[in-house]
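Take a look at the structure set out below.
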Amino acid sequence: MHLIDIAGALAAGRHSNSYVVTASVDYLDFRFPIAVGEFIVLKAAVNRVFHTSMEVGVKVFFGEYPHGSASTPAARI
């Protein structure tokens, strides 16, 4: 969850060119467990922008290191 928050903060900070904080999380859906030794890929994007806030989405993908094949999203916020 910490890495998801960091990825979202990076996307929001780059968009606003300012300091950002996580005010709330609408939902966090854990679909598959990620085992030790698997790699993760986090994709963050700014979805909507308002006057003083913004909505950021983060997708988490995972896979095994030797094979290198990515799987379906493990979590989405």
Side-chain angles (χ1 to χ4, degrees):
M1 289 174 33
H2 176 71
L3 293 176
I4 294 171
D5 187 42
I6 296 296
L10 287 172
R14 290 186 72 180
H15 179 79
S16 66
N17 199 22
S18 181
Y19 295 110
V20 295
V21 297
T22 302
S24 69
V25 176
D26 290 340
Y27 68 92
L28 182 59
D29 185 19
F30 292 101
R31 297 182 181 175
F32 301 102
I34 299 176
V36 175
E38 293 181 333
F39 68 88
I40 60 172
V41 176
L42 295 108
K43 293 187 176 184
V46 176
N47 297 333
R48 296 167 55 179
V49 177
F50 306 101
H51 292 289
T52 59
S53 63
M54 65 182 75
E55 180 182 289
V56 179
V58 181
K59 291 183 182 179
V60 180
F61 298 89
F62 72 100
E64 296 179 5
Y65 178 67
H67 301 96
S69 59
S71 181
T72 58
R76 185 172 180 187
I77 178 172

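Just so we're clear, the structure is a prediction, and the values are computed from it rather than from any experiment. This chain uses plain numbering: 1 for the first residue, then up along the sequence.
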Report whether Met1 and Val58 are members of the same hydrophobic cluster (ILVMFWY, side-chain heavy atoms less than 4.5 Å apart, transitive linking). yes
Determine the minimum heavy-atom distance between Leu28 and Ile4, stating which atoms define it. CD1-CD1, 4.0 Å
Separation between CD1 (Ile40) and CD1 (Ile34), nearest 0.5 Å, reads 5.5 Å
Using distance only, find each side-chain donor-acceptor pair of residues 5-23 under 3.5 Å and give its atom names and separation, not counting sequence neighbours.
unit_1: Asp5; atom_1: OD1; unit_2: Thr22; atom_2: OG1; d: 2.4
unit_1: Ser16; atom_1: OG; unit_2: Ala12; atom_2: O; d: 3.0
unit_1: Ser16; atom_1: OG; unit_2: Ser18; atom_2: N; d: 3.4

